[in-house]
Amino acid sequence: MSDTTRTGRSGPPERPSLDGLEETWAHRWQSDGTYAFDRTKERADVYSIDTPPPTVSGELHMGHVFSYTHTDVVARFQRMRGRTVFYPMGWDDNGLPTERRVQNVYGVRPDPALPYDRDWRPPATPVSADARKNPTAISRRNFIELCETLTVTDEQAFEALWRRLGLSVDWSLTYTTIGPAARAASQRAFLRNLARGEAYQAEAPTLWDVGFGTAVAQAELEDRVRPGAYHRLRFTGPDGREVLIDTTRPELLPACVALVCHPDDERYADLVGTAVRTPVFGVAVPVRAHALADPAKGTGIAMVCTFGDLTDVTWWRDLRLDTRVVIGRDGRLLPEPPADVPAGPYAALAGQSVNGARRAVVELLGEAGDLVGEPRPITHPVKFYERGDRPLEIVSTRQWYLRNGGRDADLRDELLARGRELRWVPEHMRHRYEHWVGGLTGDWLVSRQRFFGVPVPVWYRLDDTGEPDWTHPLTPDEATLPIDPTSEPPPGFDESQRGRPGGFTGDPDVLDTWATSSLTPQLVGGWETDPDLFARVFPMDLRPQGHDIIRTWLFATVARSHLEHGVLPWRTTVLSGWILDPDRKKMSKSKGNVVTPMGLLAEHGSDAVRYWAANGKPGMDLAFDPAQVKVGRRLATKLLNASRFALGLGAADALRAPVSEPLDTAMLAELSGLVGAATSALDGYDHTAALMATEAFFWRFCDDYIELVKERAYGAGPAADSARAALATALSVQLRLFAPVLPFVTEEVWSWWRYGSVHRATWPTTYEVDRALAAPGDPELLRLAADALGQVRRAKSERKLSMKADVPLAEALGPAALLDQLTTVADDVRAAGRIAKLDLLPDRTPELVIACAF
């Protein structure tokens, strides 16, 4: 690859500094188009990255810096290997996180019943705690406009930080998951899923977040350990038999539809097929057997309610039980009792919160004598929406689903096979994918009862009584996308027919944010809008992401690509670990242990922070360690100073001159091995191994080689020319090896003596290094010379002498063969150690010993 931008060589400054490099070079890279994607290249010359679009609902944190630095290292490496890198950046700005942020920032809430007010203006921020607690209702459209305004502001802040960090993104390739192009692509994919029978509606038990007021998918669940209590209830069986039930949710007693025991449990075998009566309400419910009943849990027989948990749903579905729903979407008990439940005792529960209803039921049970003993405190896992703060309920709602193998064994097998086609880094992460796919219990619920999202693009006819025809949705032409069915009529109708018998109604829901994010390769690749670009970048080469969203983002993207294109969306996925605090706990906003990066970037420089991030291997968690950032700062500073020193010796003019002296060829031979090792590591996405090897060599180069060779390099003649040529080659190669991790300092040094950008220069090769050698080199010579010089330095240090102190006489003892080797570099050792006379005494000791006389 040739340098694409010609800039004058500035020469080293008098006092090189890291300060200000980020602003200088970020501006230069942008103006020069250093990282611009070349869309004229053939697919084989393209390396395309499906970059994670960060959620724009707050501040970026060190976890983002960690994982995005890893991706940027890959992008820079591939670019230097001769590929044109398709490296976009997106913003995931729709969905619940944005809505919650808008509500908290402005103290508002959306109310679809309110009309749009074009003159409404948001309040000044920050708003009071009371305004957040009692938000002002505004129309859906006003609320969406406010979401759009805030996300633009957040995106600008995010982009500024990414530029400061040095991400080599082509900033002309940005996108948002709520923009018109993304809405059109998401709706297009959904309509095609619908046409192929992969999307469908169903009225079914749904996990429901009461706080957000929306359905939640299986992939968004998390268990949180919460306190609870077992209550023992007395049911009445045939002939007055007492049947005891342990439950943590006595408030669901009016929703009880059966008791269930294990088929092999002899204690209740005679009850199966009979009926028992519930306490307080006296409702007859059947006793059934099911393999999921645990004889060792509680009394061994369980109360099935519609619905207390996911097991209730399984029992209800498998045993074809009745439905008695008592909890509404607002998390309160419904005002009217379900069928067959007497209104008298239920009146004490109607309208109550879950906790209030629990207290009321316990009181009723106590009064009836059907509460056996005192409640027994326990702690147990409770299902939450991952972003929610209230336990989930299960309510019956009509929702949209996408088939994902949860109920289709053939599709499940196909998606498992896709997982085996994919290259996983690290490989063991594939097992998480397989565990998730193999454990799916239902299809993907993709509709949400929220506002700031991609609208479900369908309408429904209303019959003569005004009831929707759910089974025959009306769909738009793809050419008209994106559309909003709540504000646009379907083909063949006009707006005056909305909501009227014989007219239509629009679907009020939006698609889950993952239903759009799962199409990121299609969104940024120009699917159906730019066929030429799509053919050059899809399927993509890399999906970098966190291991914790394998079940959501990775799996969902694989499923959508499989259904739409019949291929994997990318060839390789690289998984990042978590960032831990010093106590080895995962950083999270909820725990209050998050470190934001801007202060660190300002104090230590971006290269130092990137160095810390690159010390974390793919798939491995990394503790945040400010001391490691300081190490990165020292490394960058040393790179400046060592480069200035080498160039001050005349190395810039000696590049590509032959290297002939034994010590010089020894150093380059070791460098050649480093190039091979670092390249192999980066080819395997092990940036940490590449960095560690390069850094270890660099410090030996500075501490040993430069010290050994500088006296010769100051001179004249073939030996001095060899030293300067070796320094030039070593500096050129090491700058390029460090460039993916330390982009600012390497670009700065490169500009002192080379043309163009180091980031558009060719990645070093062993051939390039070996070509500079006039004779083969032996890396052991450099280690031997460094050992000898090190012993001389220690001798001076022990006598508290300056390193510049002269040594009148030194004796080298050791095996004859070793001293023969030392002879070839003896002049450099004498010069570096300021040794007047060096005597070689073979076979006096089993290993090298340098004895100094002062």
Please assess T513 against D92 for the test side chain to side chain donor-acceptor pair (under 3.5 Å), listing each intermediate value before the final yes or no.
CA-CA 8 Å; T513 185; D92 193 7; 3.3 Å; yes
Please check this pair: side chain of [X] against backbone of [Y], looking for a donor-acceptor N/O pair closer than 3.5 Å.
X: T314; Y: L310; answer: yes
X: T278; Y: V283; answer: yes
X: D408; Y: D410; answer: yes
X: H565; Y: V567; answer: no
X: W208; Y: R329; answer: yes
X: R267; Y: P295; answer: yes
X: R324; Y: P254; answer: no
X: T573; Y: W424; answer: no
X: R448; Y: V216; answer: no
X: S561; Y: V558; answer: no

Evaluate the side-chain proximity of [Y] to [X]: yes if any heavy-atom separation is below 4.5 Å, no if none is.
X: M303; Y: L253; result: yes
X: F235; Y: L244; result: no
X: R571; Y: L422; result: no
X: V260; Y: I301; result: no
X: V313; Y: R317; result: yes
X: L511; Y: F190; result: yes

Closest approach of [X] and [Y], non-hydrogen atoms and distance?
X: I550; Y: M429; answer: CD1-O, 4.0 Å
X: P112; Y: F451; answer: CG-CE2, 3.3 Å
X: A559; Y: L415; answer: CA-CD2, 3.8 Å
X: I327; Y: V395; answer: O-CG1, 3.5 Å
X: A229; Y: I378; answer: N-CG1, 3.9 Å

Assess the residue pair Y460 and W470 against the criterion (ring-ring contact (aromatic ring centres under 6.0 Å, His included)); give the C-alpha distance rounded to whole Å, side-chain angles, the decisive distance to 0.1 Å, and a yes or no.
CA-CA 6 Å; Y460 310 99; W470 304 112; 4.8 Å; yes
Are side-chain N/O atoms of [X] and [Y] paired as donor and acceptor at under 3.5 Å?
X: T516; Y: S186; value: yes
X: Q399; Y: S447; value: yes
X: E251; Y: Q352; value: no
X: D469; Y: T471; value: yes
X: W570; Y: D50; value: yes
X: W316; Y: D322; value: no
X: T177; Y: S517; value: no
X: E203; Y: S396; value: yes
X: R560; Y: N193; value: yes
X: R543; Y: T557; value: yes
X: T214; Y: D209; value: no
X: H472; Y: R461; value: no
X: S353; Y: N355; value: no

Taking atom CD of E427 as the centre, report whether more than 12 heavy atoms of other residues, nucleotides or ligands fall under 6.0 Å from it.
yes
Does R420 have more than 12 heavy atoms from other residues, nucleotides or ligands lying within 6.0 Å of its CZ?
yes
Show every donor-acceptor pair shorter than 3.5 Å between a side-chain atom in residues 363-377 and any protein atom, with sequence neighbours excluded, or say none if there are none.
unit_1: R376; atom_1: NH2; unit_2: D246; atom_2: OD2; d: 3.1

Parallel, tilted or perpendicular: ring planes of W514 versus W553, cut at 30 and 60 degrees
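Rings of W514 and W553: tilted, as their planes differ by 30° to 60°.
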Parallel, tilted or perpendicular: rings of Y385 and F212 (30°, 60°)
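Plane angle over 60°, so perpendicular.
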Taking distance alone, no hydrogens or angles, what donor-acceptor pairs closer than 3.5 Å link side-chain atoms of residues 334-351 to residues at least two apart or in another chain?
unit_1: Y346; atom_1: OH; unit_2: L334; atom_2: N; d: 3.4
unit_1: Y346; atom_1: OH; unit_2: L334; atom_2: O; d: 2.7

Looking at [atom1] of [X] and [atom2] of [Y], how far apart are the two atoms once the value is rounded to the nearest 0.5 Å?
X: T465; Y: D463; atom1: OG1; atom2: CG; value: 3.5 Å
X: H262; Y: K297; atom1: NE2; atom2: NZ; value: 14.0 Å
X: L392; Y: F307; atom1: CG; atom2: CZ; value: 15.0 Å

Per the side-chain contact (heavy atoms from CB on, under 4.5 Å) rule, which among T475, V456, L402 passes with L194?
T475
Salt bridge (Lys or Arg N to Asp or Glu O under 4.0 Å), that's the test. Do R430 and E421 meet it? Break it down for me.
CA-CA 10 Å; R430 178 173 56 84; E421 289 178 36; over 6 Å; no
Apply salt bridge (Lys or Arg N to Asp or Glu O under 4.0 Å) to the pair R192 and E198, showing each step before the final yes or no.
CA-CA 8 Å; R192 294 189 181 185; E198 296 152 2; over 6 Å; no
Report the residues that fulfil side-chain hydrogen bond (donor to acceptor under 3.5 Å, both in side chains) with W315, sequence neighbours left out, ordered by chain and then residue number.
H290
List the steps, then state whether salt bridge (Lys or Arg N to Asp or Glu O under 4.0 Å) holds for E242 with R234.
CA-CA 6 Å; E242 180 182 78; R234 180 184 291 109; 2.5 Å; yes
Apply side chain to side chain donor-acceptor pair (under 3.5 Å) to R226 and H380, showing your working.
CA-CA 6 Å; R226 289 291 184 268; H380 61 146; over 6 Å; no
How far apart are the C-alpha atoms of H428 and H431, what are their side-chain angles, what is the distance that settles it, and do they pass the ring-ring contact (aromatic ring centres under 6.0 Å, His included) test?
CA-CA 6 Å; H428 70 263; H431 301 299; 7.8 Å; no
If you apply the rule salt bridge (Lys or Arg N to Asp or Glu O under 4.0 Å), what do you find for E414 with R412, and how did you get there?
CA-CA 5 Å; E414 291 169 6; R412 185 196 306 264; over 6 Å; no
